[in-house]
Each structure stands twice: as C-alpha cells, then as structure tokens.
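Some notes on the structure that comes next.
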Amino acid sequence: MKGFDLVITLESDCIFSERNATEGAHVALDYIPGGALLGAVGARLYQADNLQAAFDWFHSGKVRFSNAYPLSSNG
C-alpha cells in the first residue's frame, strides 16, 4: 500500500465536530477527519467532470483517506 505525506495549511478557521448530529453538545476535534479530506478531494474531482477517475477513487475502495493529525515543530 502506498502512502503520502501531506502538508495542509488552513486558509481560514475550521471546526470539525466529533458527531454529525445537528442537535446536542458538540465536541470539537483537534485533527481533520479523513471523511472531510475525502469530501474536499471528491468535490474537486467531480467538478472536473472526470467521472471515471471519481468512480475509481471513491467507489472502488482503492483509495482511503486517513485522519490528518497535527505535527509539532519537533515532530
């Protein structure tokens, strides 16, 4: 399995909630969930009208998006 390191720089403040529910107490996560990354990449790929690539990436199980955890300056 191949893996890639990715450096993400947020251009604005972001809050990711522990749950998708619209009611009740929310707990903010201190990382970016893999599902949010999948959604961001999917939105771009589907906008490009590359349906075959989108199917290969998101419906075949060939690609997985893991959580993006922060990395401190000392690693």
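Just so it is clear, the values below take in all heavy atoms, side chains as well, and ignore hydrogens, waters and symmetry mates.
The hydrophobic cluster containing L38 also contains L29, counting ILVMFWY residues as joined when their side-chain heavy atoms lie under 4.5 angstrom apart, directly or transitively.
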For a quick test of your reading: what N or O donor-acceptor pairs under 3.5 Å do the side chains of residues 8-16 make, sequence neighbours left out?
none

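The minimum heavy-atom distance linking Y31 with P70 is given by the pair CB-CD, 4.2 Å.
When side chains are defined from C-beta on, I32 does not count as touching N67, because their heavy atoms never get closer than 4.5 Å.
Within a 6.0 Å radius of CZ in R19, other residues, nucleotides and ligands contribute more than 12 heavy atoms.
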